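Chain letters run A, B, ... following the sequence lines, proteins first, then strands; residues in each count from 1. For the numbers below, each heavy atom of this structure counts, side chains included, while hydrogens, waters and symmetry mates do not. Bear in mind the structure is a predicted one, so any value in this text is a computation, not a measurement.
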Amino acid sequence: MKKFYITTAIDYVNGKPHIGHTLEKVQADVAARYHRLKGDDVYYLTGTDEHGAKIARSAEKAGKPVEKYAAENAKAFQEAWDNLNISYDYFIRTSNKTRHWPSVRKVWQGLAANDDIYKKSYTGLYCVGHEAFVTKKDLNKEGKCEIHDAEPEKVEEENYFFKLSKYTKKVEKAIKSGEMKIVPKSRENEILKLAEKGFEDVSFSRPSKDLKWGVPVPRDKSQTIYVWADALTNYISALGWGTSNDKKYKKYWPADVQVIGKDILRFHAAIWPGILLSLGLPLPKKLFVHGFINVEGKKLSKTLGNVIDPNEIVEKYGADALRYYMLSEIQPTKDGDFSVEKFEARYNGDLALGLGNLLARITSLGEKYLDKPLESKLTSVSQKELDKRWKAYEGYMEELQFSDAIREVSALISYADKRINDTKLWVLAKEDAGKFKEEISDVATILAYVAWMLTPVIPTTSEKVFNQLGIKPGAKKTWKFKMEKGEALFPRLE
RNA sequence: CGCGGGGUGGUGGAGCAGUACCACGCCAGGCUCAUAACCUGGAGGUCGCGGGUGCAAUUCCCGCCCCCGCAACCA
């Protein structure tokens with residue numbers, strides 16, 4: 001059995017999940033479900049990134065102990081994914097002292113043992129209002145902090161650094177050789193360009209006085225491990241790397257696909273492989289980089305107030321509808337747009353009137369005119385059409401090109417609709433029982449395959465389709481249809 | 001002169017040298033099994049702007065304009 005390990009980025013719990021977070025989880029979920037259907041041994045990891053001064057500050061503002069604050073938000077993420085039917089196998093939390101922390105310490109020790117950690121003073125711009133370092137981005141034209149309208153002070157402090165520069169060439173080679181693929185190509189170029197200039201060493205710790213909420217540096221309590229060695233380690237800590245129980249690590253690592261957003265590409269394509277190389281561990285096989293979701297053409301922003309809660313969408317339209325939108329409307333590696341108008345257009349066009357209506361057409365005829373179970377059988381033209389679409393679909397799924405894969409399925413739905421029109425199935429039902437059975441079996445079989453192909457995308461709906469056709473899920477050569485027209489899969493929205 | 005990505009009919013996308021394609025929307029016709037659904041046909045684009053190379057450019061090259069992203073935590 002082939003193993004398939006897929007991860008998403010872990011979400012920072014400094015807020016609640018929004019519509020943008022869902023894209024990545026849904027993408028990874030479809031890949032995971034697709035591979036499970038293929039019979040692969042799949043492990044799908046997601047979780048939350050919970051440490052950092054920002055969280056500590058937010059918790060303080062909320063008047064809650066930081067552990068509690070982080071736990072509450074982590075729960076909100078986990079619940080959102082449960083509502084969306086995300087089939088993760090484990091939900092890792094970086095605050096988990098038994099599952100996560102031991103691996104983080106082990107990573108640190110490994111890097112240190114390899115002489116890749118050194119102490120250096122770091123000079124940064126410190127904003128008193130923020131009580132934290134700020135970047136150029138946070139400053140306005142006069143060099144003042146945008147929020148506090150105060151000039152930041154230059155502050156020097158001692159940090160541990162990781163010798164990432166040492167690994168530039170190796171990472172570059174791994175990318176060029178295809179050992180670690182970066183999809184899409186444009187993102188790969190971005191990193192290769194960066195590698196040409198050489199990666200810079202990165203700060204790997206903060207003084208504990210500034211960063212209390214995190215994993216302490218081994219043998220130096222005055223420093224706390226900074227986000228990189230902490231958060232990135234989740235991908236192997238969840239598998240038990242560095243502990244006595246590392247069976248999962250041995251089985252699943254390296255990751256087959258790591259799904260990330262374009263904003264964290266550099267961390268995953270430079271720092272992460274740097275860490276792994278230093279530890280002598282294999283690199284992930286593929287980094288899949290998705291874009292961002294805009295709402296009504298605008299960036300998500302709290303001040304604009306266009307942040308959408310995925311739970312609301314799920315509650316109103318169902319998890320499958322949102323999953324379907326994210327996968328069909330959004331080009332997987334590009335920025336996409338979410339709007340209620342577009343969402344409802346997709347819903348009506350593809351789900352209600354495409355898939356739903358086809359099912360209704362077939363089952364209503366089947367229920368009325370078939371007196372006993374009907375063997376599935378494809379006409380040779382339909383078999384040819386199916387083979388063609390199936391092959392294209394598989395190719396796209398393997399490459400995580402979800403919207404293209406779904407387009408192939410839509411084509412099959414159109415094909416079946418056309419077939420019903422061309423053969424005048426409703427006339428055959430009354431005038432030619434033999435021919436009718438042949439033709440309804442043909443289109444029902446196509447629909448069964450459609451449902452099968454859509455199982456990773458809209459699992460609940462596919463199950464309903466199978467139920468109404470009166471068959472068990474699976475890509476078999478033959479089924480016995482016992483059709484029963486049920487409720488509309490997706491009631492048309494007005 | 002920082003670096004990278006992008007600008008294709010109303011909308012979202014594909015194409016990347018040889019009469020510009022797909023989906024949705026819109027208009028007309030057909031059909032009536034179906035969630036007023038389904039099928040067919042049609043209208044609609046000087047492919048951001050200017051220049052260059054080619055027999056031929058949306059597709060290659062140069063310049064410009066506009067959007068978006070980018071190394072200390074923003075998915």
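The salt bridge (charged side-chain N to carboxylate O under 4.0 Å, His left out) search around A/Lys16 returns none, not counting sequence neighbours. The salt bridge (charged side-chain N to carboxylate O under 4.0 Å, His left out) check on A/Asp29 picks up A/Arg33, A/Arg323, with sequence neighbours excluded. Shown here are the side chain to side chain contact (heavy atoms under 4.5 Å, CB included) partners of A/Glu329, two or more places apart in sequence or in another chain: A/Tyr325, A/Lys342, A/Arg346.
Rounded to a whole Å, the CG atom of A/Asn348 is 20 Å from the P atom of B/G12. Atom CD of A/Gln401 and atom P of B/A14 are 10 Å apart (whole Å). Atom CZ in A/Phe436 sits about 12 Å away from atom P in B/C33, given to the nearest Å. With rounding to whole Å, A/Arg266 atom CZ is found 14 Å from B/G69 atom P. When the C1' atom of B/A71 is taken as reference, atom CZ of A/Phe162 falls 15 Å away, rounded to whole Å.
Considering only side-chain atoms of A/Ala345, the nucleotide from B/C24, B/C74, B/A71 that sits closest is B/C24. Listed nucleotides: B/C73, B/A75, B/G12. Nearest to the side chain of A/Val227: B/C73. In this structure, of B/C73, B/A75, B/C33, it is B/C73 that holds the atom nearest to the side chain of A/Tyr226. The side chain of A/Arg407 approaches B/C22 more closely than any other nucleotide in the set B/A71, B/C31, B/C22.
Stacking of A/Lys119 on the aromatic ring of A/Phe161 is not recorded, the 6.0 Å distance cut-off and the 45° axial limit not both being met.
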Scan nucleotides 4-10 of chain B against the protein and return all N/O pairs shorter than 3.5 Å with their distances rounded to 0.1 Å.
none

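A/Lys430 comes within contact range of the sugar-phosphate backbone alone, with a heavy-atom separation under 4.0 Å but no base atom that close. A/Glu341 comes within 4.0 angstrom of nothing in the nucleic acid, heavy atoms only. Within the 4.0 angstrom heavy-atom criterion, base atoms lie near A/Asn159.
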Practice problem: Check the pair A/Glu344, A/Tyr317 against side chain to side chain donor-acceptor pair (under 3.5 Å), reporting the backbone distance first and the verdict last. | Solution: CA-CA 9 Å; A/Glu344 294 198 342; A/Tyr317 304 95; 2.7 Å; yes
Quiz item: Run the side chain to side chain donor-acceptor pair (under 3.5 Å) check on A/Asn294 and A/Asp337 step by step: do they pass?
Solution: CA-CA 5 Å; A/Asn294 295 319; A/Asp337 193 46; 5.1 Å; no
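Comparing A/Gly261 and A/Arg346 by the nucleotide of RNA chain B that holds the closest heavy atom to each, the one mapping nearer the 5' end is A/Arg346. Place A/Phe267 and A/Leu23 on RNA chain B by their nearest nucleotides, and A/Phe267 ends up nearer the 5' end.
Base orientation of B/G15: anti, the glycosidic angle falling outside 90° of 0.
Summarising the local packing, CD of A/Glu398 is surrounded by more than 12 heavy atoms from other residues, nucleotides or ligands at distances under 6.0 Å. Environment of CD in A/Glu67: crowded, with over 12 heavy atoms of neighbouring residues, nucleotides or ligands closer than 6.0 Å.
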Self-check item: RNA chain B base-pair string [pairs: Watson-Crick or G-U under 3.5 Å; |: paired with another strand]
Solution: .(((((((.[[[[.)..(..]]]].(((((.......))))).....[[[[[..)....]]]]])))))).....
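Residue side chain A/Phe292 meets the stacking definition with respect to B/A75: its ring centre sits within less than 5.5 angstrom of the base's six-membered ring centre, and the planes differ by less than 30 degrees.
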Quiz item: What string of B, S and - do you get for nucleotides 34-42 of chain B 5' to 3' if you count protein non-hydrogen atoms under 4.0 Å?
Solution: BB-SBSS--
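Only the C1' atoms considered, B/A71 is 13 Å distant from B/G2, to the nearest whole Å.
Between A/Phe490 and A/Tyr347, the distance separating the two ring centers is shorter than 6.0 angstrom.
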